[in-house]
Amino acid sequence: MEFSVKSGNPEKQRSACVVVGIFEPRRLSAAADKIDSATNGYLSSLLRRGDLEGKLGQTLLLHNVPETLAERILLVGCGREREIGDSQYRKIIASTATTLNETGSMEATCYLTELSVKGRNTHWKLRQAVEISHDTLYRFDSLKSKKEDTRRPLRKLIFTVPRRSDLSIGEQAIREGAAISKGVTLAKDLGNLPGNICTPNYLAKQAKTLDRDYKSIKVTVHEKTAMEKMGMGALLAVAKGSREAPKFIIIEYNHGKKKQKPICFVGKGITFDSGGISLKPSPAMDEMKYDMCGAASVFGALVACAELELAMNVIGIVPCAENKPDGNATNPGDIVTSMSGQTIEILNTDAEGRLVLCDALTYCEKFNPEKVIDIATLTGACVIALGNHATGVMGNHNPLIHDILNAGKSSADRAWGLPLWEEYQDQLKSNFADIPNIAGREAGTITAACFLSRFTKKYHWAHLDIAGTAWKSGTEKGATGRPVPLLTQYLIDYVTELAKK
Ligand code: BES
Ligand code: MN
Ligand code: ZN
């Protein structure tokens with residue numbers, strides 16, 4: 001899909017389709033009004049007859065409207081003019097993309113980016129429009145033998161800005177939107193692949209292709225023997241019950257000053273989580289193929305970062321394993337020594353995410369990181385607490401948490417903070433080892449973060465629990481690519497601050 005930006009009058013566009021908004025009840029947007037004047041009231045007479053109320057997401061496609069140069073005009077319902085916020089705007093653009101794709105306009109000029117959206121500027125509206133269009137038209141059909149091809153799919157979308165002086169803002173917005181969408185699409189593809197294809201080895205191979213595709217990216221894969229040498233006993237305890245070998249992937253993006261400390265992203269890469277000997281119940285267990293979505297988001301964010309050529313250093317650290325109940329699997333009660341030297345009593349083999357992450361977090365120290373952010377589908381409790389709308393955020397450094405929450409707000413990929421108070425640490429007690437890997441039912445998302453906090457004392461760290469946001473269940477089952485937009489926004493904000501110093 002190709003995007004561009006332009007400014008000019010809607011009635012004068014020579015296009016396969018011109019897209020304008022209609023507010024509820026039956027009111028013309030500024031662009032619709034211009035077409036109406038040029039066509040002697042063609043649109044207002046349609047509205048008077050009751051063809052379109054203007055409800056959010058409604059559409060009406062018109063052909064060969066007299067006195068216009070476009071083949072089609074698509075009217076899109078925008079709801080009440082004063083009520084357009086982020087989620088309304090999202091619906092408006094999504095319904096536009098779907099309709100255009102299904103009705104044969106391979107190219108279109110869209111005036112909806114000129115609507116006013118509460119608290120949002122031109123840059124935001126254009127970038128979101130690119131991201132939402134990609135998101136809406138995404139399909140994962142590479143494993144279907146018969147594909148449902150769209151006969152004349154949408155190929156080119158031109159978004160308009162009100163003034164010529166806004167063109168360069170629009171172009172930068174499209175550039176960011178395209179880079180983020182590329183990262184999101186990669187994260188979705190990896191997430192949607194089943195566990196028998198997307199193994200730790202597969203992820204390692206995919207990482208290598210990033211090394212090939214981007215000059216700024218270097219990838220190293222550590223094998224099991226190297227993990228043994230480094231003393232990653234916690235990670236290895238998870239991999240033990242599987243026939244798939246674990247992989248420890250390092251993705252280095254270097255495009256900052258040599259001495260510039262890196263930002264580290266650590267992604268949970270459990271390619272399938274059966275629970276291990278603490279086996280999960282069968283319903284919806286297939287969704288545990290998504291347990292590597294943290295890893296996928298690290299891949300995606302690094303791709304977006306490389307596409308944007310951000311002037312900084314970023315390192316992705318991705319511990320990958322499969323959690324299975326083989327004859328050699330870890331038993332509940334087993335005690336292992338992590339790379340940090342702390343011993344862990346594995347009371348529940350289904351709390352495996354924190355085990356692979358803790359060794360990766362210790363490994364991080366060697367990069368002398370500026371900040372470390374881990375991303376993981378860590379706890380079912382987070383889905384209960386926040387549902388599918390917000391990623392859970394915890395950490396040991398308030399300014400970092402603050403920056404993450406802000407990046408979530410501005411990228412419309414929202415996160416919400418949970419407390420990581422000392423009192424919660426008391427729940428983590430073992431009679432036989434330094435720490436247990438579980439801490440009872442209460443505040444499960446927070447105690448999981450408490451466990452991680454025992455391994456992150458040497459740097460500023462935040463943890464993103466994406467169990468609720470990384471994929472959708474039900475009829476719309478599929479990876480969302482979240483939180484690639486949030487992570488990329490965090491990096492964009494970070495380089496912007498760097499430049500000011
Ligand atoms: N990957 C799961 C968390 C999960 C479960 C995410 C369901 C999304 C939906 C994680 O490895 C896990 O199994 N966590 C356990 C922890 C418990 C044993 C302390 C959980 O949440 O039940
Ligand atoms: Mn688990
Ligand atoms: Zn898991």
Side-chain angles (χ1 to χ4, degrees), residues 191 195 198 200 203 234-235 237-242 244 246 266-297 318-325 329-334 344-360 374-392 394 418 424 427-430 435-452 463-474 477-480 482-483:
C198 185
L203 285 176
L235 199 176
V238 176
K240 256 178 86 184
S242 168
E244 297 291 339
V266 180
K268 171 177 172 183
I270 298 296
T271 57
F272 188 76
D273 179 13
S274 70
I277 297 295
S278 314
L279 194 64
K280 285 183 179 297
S282 312
M285 208 211 272
D286 66 290
E287 295 186 11
M288 283 299 113
K289 70 174 183 180
Y290 290 119
D291 215 16
M292 35 54 70
C293 282
S297 74
V318 185
C320 299
E322 191 190 43
N323 189 20
K324 289 284 270 291
T330 294
N331 295 318
D334 286 0
I344 303 167
E345 185 183 17
I346 303 178
L347 289 171
N348 189 322
T349 63
D350 198 11
E352 84 299 337
R354 59 198 81 182
L355 295 174
V356 301
L357 288 173
C358 73
D359 282 338
D374 80 72
I375 307 101
T377 48
L378 204 61
T379 64
C382 193
V383 192
I384 304 299
L386 299 173
N388 304 120
H389 303 293
T391 291
M394 290 138 280
L418 296 173
Y424 292 104
Q427 284 177 242
L428 277 179
K429 289 234 162 70
S430 162
I435 32 171
N437 77 329
I438 52 166
R441 258 166 46 83
E442 292 168 359
T445 303
I446 296 172
T447 54
C450 285
F451 179 93
L452 298 178
H463 158 62
L464 304 185
D465 195 328
I466 57 166
T469 50
W471 75 93
K472 292 183 193 157
S473 310
K477 193 188 288 179
T480 59
R482 292 177 69 182

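Ligands are counted one by one from 1 in listed order, and the atoms in each one are counted from 1 as well. Since we're looking at a predicted model, the values are computed, not measured.
- With hydrogens and angles ignored, the 3.5 Å screen pairs a side-chain donor or acceptor of Ser297 with a backbone N or O of Gly294.
- Taking 2.8 Å as the threshold, Lys268 counts as a candidate ligand of the Zn ion (ligand 3), since one of its N, O or S atoms lies below it.
- For the atom pair CZ (Arg482) and CG (Asn388), the distance works out to 8.5 Å, reported to the nearest 0.5 Å.
- The Zn ion (ligand 3) sits nearest to atom OD2 when only the N, O or S atoms of Asp273 are considered.
- Distances from the Zn ion (ligand 3) to each N, O or S atom of Glu352 single out OE2 as the nearest.
- Side-chain atoms of Thr349 come within 3.5 Å of backbone N or O of Ser278 as a donor-acceptor pair.
- No donor-acceptor contact under 3.5 angstrom links the side chains of Thr271 and Glu244, judged on distance only.
- Side-chain N or O atoms of Asp291 include none that pairs as donor or acceptor with a backbone N or O of Ile270 at under 3.5 Å.
- Closest to the Mn ion (ligand 2) among the N, O or S atoms of Asp273 is OD2.
- We find that Lys324 and Glu352 are not joined by a salt bridge, their nearest charged nitrogen and carboxylate oxygen being 4.0 Å or further apart.
- Distance check: Lys289 NZ to Asp286 CG gives 7.0 Å after rounding to the nearest 0.5 Å.
- Annotation: angle subtended at the Mn ion (ligand 2) by Glu352 OE1 and Asp350 O is 70°, to 10°.
- Ligand 1 is surrounded by Lys268, Asp273, Lys280, Met288, Asp291, Asn348, Asp350, Glu352, Arg354, Thr377, Leu378, Thr379, Gly380, Ile438, Ala467, Trp471, each with at least one heavy atom closer than 4.0 Å.
- Distance check for Asp350 against the Zn ion (ligand 3): none of its N/O/S atoms falls below 2.8 Å.
- The Zn ion (ligand 3) lies closest to atom OD2 when only the N/O/S atoms of Asp291 are considered.
- Checked for salt-bridge contact, Lys268 and Asp374 miss the test: no charged N lies under 4.0 Å from a carboxylate O.
- Separation of atoms CG (Asp465) and CD1 (Ile375) is listed at 11.5 Å; rounding is to 0.5 Å.
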